[in-house]
Engineer: 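This is the structure, below, for whatever I ask next.
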2 protein chains.
Amino acid sequence: MSRTEEQGEIPAGGSLAHRVPDLGGLELLLAVARLGSLGGAARELGITQPAASSRIRSMERQLGVALVDRSPRGSRLTDAGALVTDWARRIVEAAEAFDVGAQALRDRRDSRLRVAASMTIAEYLLPGWLLALRAQRPDTAVSLHAGNSTVVAERLLADEADLGFVEGLTVPTGLDSVVIAHDRLIVVTAPAHPWSRRRRSLAAEELASTPLILREKGSGTRQVLDAALGGLARPLIELSSTTAVKAAAVSGAGPAVLSELAVGEELAMRRLVRVPVEGVALARDLRAVWPTGHRPTGPARDLLSLTRG
Amino acid sequence: MSRTEEQGEIPAGGSLAHRVPDLGGLELLLAVARLGSLGGAARELGITQPAASSRIRSMERQLGVALVDRSPRGSRLTDAGALVTDWARRIVEAAEAFDVGAQALRDRRDSRLRVAASMTIAEYLLPGWLLALRAQRPDTAVSLHAGNSTVVAERLLADEADLGFVEGLTVPTGLDSVVIAHDRLIVVTAPAHPWSRRRRSLAAEELASTPLILREKGSGTRQVLDAALGGLARPLIELSSTTAVKAAAVSGAGPAVLSELAVGEELAMRRLVRVPVEGVALARDLRAVWPTGHRPTGPARDLLSLTRG
DNA sequence: TCCTGCTCATAAACCCAGCTTATGTCGCCA
DNA sequence: TGGCGACATAAGCTGGGTTTATGAGCAGGA
């Protein structure tokens, strides 16, 4: 059944980009899976049939796995191909989020909806919302500006943004708001850290007296933590991005305090472990905001209604 | 004719692959972010400094956004660049999962750990585990075979696999098992469906009497549903993959019943909405399995211990 | 039976993105 | 002021992916 063309050993070296097909190839694979035909997929992507054929073949060579069963009546995914296609879909979905985010990022003067958002929201939530928005209002051009609560408020009040999203404890003055979701700060450590095996919840004092990996003073995350502990948080290191904090925690530098949103992936993969905490108010609201009186209309209203659920 | 490639304006057409930098570029960007230097990143990836410089520049052109601030003393990410980098990281992480999965998929005779898993687990959970396993035992070669519970059992008993993962209601005879996680089937619809606005939970009879988008009879998912409803599930359509079911539900064909694991992304993006249900036992255990008496040792034990948490 | 229409495969020529090597410029520091 | 590190620019090469052109297998209808 399987042709014996595996004489050439797989190199297996190099970086990811050498072992993972490029986005074009993955899109092609998804199209083949959906349409059941190489030629059909080629047509959909605007390339010729031989190009599709050779591209799929080169992916199979690269991966060392047969992906599609060709027949004169069409092409069907192999069992392995189905699995690969599902994994590929994840990459393509992440790329779609990237794309819609990047599009929003290049400020277009002519965009119909100008959004200002805090970093955490822009990072983890907005691309998803924009994707959904595009699904139901494909022609809405969106521009995005990311910054802290103060910046968001300034842009809204200066009429440089139509809708804002903030995550602080308080709503900047001059703005109306709606709570659209809830977030919580959680304590995490690397699996090797002794706290990861705790069964009893951590008490507030214990948290306050332990040096932690933290965001810098002034960040939304840090504000909430300081407020919850009464200004007592003791930094082991202060870092200026969520990602840097995560990386430090994963590498075992110590316990970190981070938004639940930021560590979903890491928890699922057990690169980080959540430490239970009690007696500390680490919840915070995520809010949509707009200038007092100017209720969102048009595209802003569309986006807002997507975010509430 | 669309052959006039307009110069000047951003193309904005074409498929994802034309608007999203390739994996190599994204990896490079992450390296620049981490190291704070174009040349350093180039060294790490084994390319020359001019190559890195030009690649980053072409990404900036492609995205229409300045990503890094160059100075004679190094390079630092722009605000926009930091956001783009975070989105890029998601793509790269998905690519890592793809890579480790694909590596496991090409059956290597010499692999030290042979895993057999049900589709759902292989699709959603295994790549994460393998990534974690590689982090702590980098030299473990893993091979993966995906199939239903019966196939998993056969391979284990024929000594063609060292460790299995199944998701059914029952443990195949001849195997020992441990519960490693819990999964639940949930009812979902497109946001446009009337059920998406329900506030009261759905009762079992109502679920049983409504035609649903379902996996085919015999699939793990379907077995659990049929058992929970007493064999009464009424299919609107029967499809042979989780992905097909999701796609049908998203397109508004009707309500679907799916594993929680499979729809996390869709729920977060509001492409699907969860419908509350009560009085139906839709939970199921995910189990690691092995031949009775042969407790997992070596690499199998390492993997197993990663999955329990 | 043969023709027509679908499928995929193969071959040769082309083109461009990204690579390398070689060199230039700028700022900091001893 | 020379030296070192950073990034930029220029010119030439290479390879993967593309196109056009063609062939071959299978199905269904005249």
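Below, each value reflects all heavy atoms present in this structure, side chains not excepted, and no hydrogens, waters or symmetry copies. Being a predicted model, the structure only gives us computed values, none of them experimental. The sequence lines fix the lettering, A, B, ..., with proteins before strands; numbering per chain opens at 1.
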Engineer: Between B/Ile47 (CD1) and D/dG15 (P), how many Å, whole number?
Structural biologist: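 Distance, rounded to whole Å: 18 Å.
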Engineer: Is there a donor-acceptor pair closer than 3.5 Å between any side-chain N or O of A/Arg70 and the backbone N or O of A/Val68?
Structural biologist: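 Indeed, once roles are kept as given, a pair shorter than 3.5 Å links the two residues.
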Engineer: Spell out, as yes or no, whether a donor-acceptor pair under 3.5 Å connects the side chain of A/Arg222 to the backbone of A/Arg215.
Structural biologist: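 Flag set: sc A/Arg222 to bb A/Arg215 pair under 3.5 Å.
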Engineer: Which whole-number value in Å describes the distance from B/Arg61 CZ to D/dA8 C1'?
Structural biologist: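 Checked: the CZ to C1' distance equals 14 Å.
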Engineer: Salt bridge check, B/Asp99 against A/Arg19: does any charged N sit closer than 4.0 Å to a carboxylate O?
Structural biologist: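 Looking at B/Asp99 together with A/Arg19, the answer is yes, because their closest N to O distance falls below 4.0 Å.
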Engineer: What's touching nucleotides 20-27 of chain D from the protein side, N or O pairs under 3.5 Å?
Structural biologist:
none

Engineer: What's the CG-P distance between A/Leu45 and D/dT18, to the nearest Å?
Structural biologist: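 For the pair A/Leu45 CG and D/dT18 P, the rounded distance is 10 Å.
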Engineer: Verify, without hydrogens or angle tests, whether B/Ser143 (side chain) and B/Arg114 (backbone) share a donor-acceptor contact under 3.5 angstrom.
Structural biologist: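 No; judged by distance alone, with no hydrogens or angles, the pair does not exist.
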Engineer: With a 4.0 Å cut-off on heavy atoms, is A/Ser54 in touch with a base, just the backbone sugar-phosphate, or nothing at all?
Structural biologist: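 It contacts base atoms.
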Engineer: Please determine which of B/Val115, B/Leu105, B/Val151, B/Val152 meets the side-chain contact (heavy atoms from CB on, under 4.5 Å) test together with B/His145.
Structural biologist: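 Of all the options given, the one that passes is B/Val151.
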Engineer: For the pair made of CE in A/Met59 and P in D/dG17, what is the distance, rounded to whole Å?
Structural biologist: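 Distance, rounded to whole Å: 10 Å.
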Engineer: B/Asp69 CG to D/dA6 C1': how many Å, rounded?
Structural biologist: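 Nearest whole value for this atom pair: 14 Å.
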Engineer: Starting at CD of A/Glu27 and ending at P of D/dG17, how long is that distance when rounded to a whole Å?
Structural biologist: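 Rounded to whole Å, this separation is 14 Å.
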Engineer: For residues 245-252 of chain B, which side-chain N or O atoms pair as donor and acceptor with protein atoms under 3.5 Å away, sequence neighbours left out?
Structural biologist:
from	atom 1	to	atom 2	distance (Å)
B/Lys246	NZ	B/Ala262	O	2.9
B/Lys246	NZ	B/Glu266	OE2	3.4
B/Ser251	OG	B/Ala248	O	2.9

Engineer: Taking CG from B/Leu35 and C1' from D/dG5, how many angstroms apart are they, rounded to a whole number?
Structural biologist: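 So the two atoms are 15 Å apart, to the nearest Å.
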Engineer: Identify every side-chain donor-acceptor pair in residues 79-91 of chain A under 3.5 Å, counting partners at least two apart or on other chains, and give the distances.
Structural biologist:
from	atom 1	to	atom 2	distance (Å)
A/Thr85	OG1	A/Gly81	O	2.6
A/Asp86	OD1	A/Arg89	NH1	2.7
A/Asp86	OD1	B/Thr243	OG1	2.8
A/Trp87	NE1	B/Ala122	O	3.3
A/Trp87	NE1	B/Glu123	O	3.2
A/Arg89	NH1	B/Thr243	OG1	3.4

Engineer: Spell out, as yes or no, whether a donor-acceptor pair under 3.5 Å connects the side chain of A/Glu27 to the backbone of A/Val92.
Structural biologist: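 Checked: no pair found.
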Engineer: Please give the angle, rounded to 10 degrees, between the axes at the start and the end of the helix from C/dT1-D/dA30 to C/dA30-D/dT1, where five pairs define each axis.
Structural biologist: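 Between the axes fitted at each end of the helix from C/dT1-D/dA30 to C/dA30-D/dT1 lies an angle of 10°.
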Engineer: Under 4.0 Å, counting only non-hydrogen atoms across every strand here, what does B/Arg76 touch: a base, just sugar-phosphate, or nothing?
Structural biologist: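 The residue B/Arg76 makes no contact with any strand.
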Engineer: Does anything in residues 35-44 of chain B form a side chain to side chain donor-acceptor pair (under 3.5 Å)? List the pairs, not counting sequence neighbours.
Structural biologist: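 The answer is B/Arg34-B/Glu44.
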Engineer: Just N and O in the side chain of B/Arg70: are any of them under 4.0 Å from OP1 or OP2 of D/dA8?
Structural biologist: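 It does, given that an N or O in the side chain of B/Arg70 lies less than 4.0 Å from OP1 or OP2 of D/dA8.
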Engineer: Evaluate whether atom CZ of B/Arg76 has more than 12 neighbouring non-hydrogen atoms of other residues, nucleotides or ligands under 6.0 angstrom away.
Structural biologist: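 Open: at most 12 neighbouring heavy atoms sit under 6.0 Å from CZ of B/Arg76.
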Engineer: Reading DNA chain C 5' to 3', which nucleotide is the first, and which the last, to come under 4.0 Å of any heavy atom in chain B?
Structural biologist: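 Listing 5' to 3', DNA chain C meets chain B from C/dG18 to C/dC28.
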Engineer: Treating B/Arg106 as the side-chain partner and A/Leu63 as the backbone partner, does any N or O pair qualify as donor plus acceptor under 3.5 Å?
Structural biologist: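 Checked: pair present.
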Engineer: On the nucleotide D/dC7, are OP1 or OP2 found under 4.0 Å from the side-chain N or O atoms that B/Ser53 carries?
Structural biologist: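 No.
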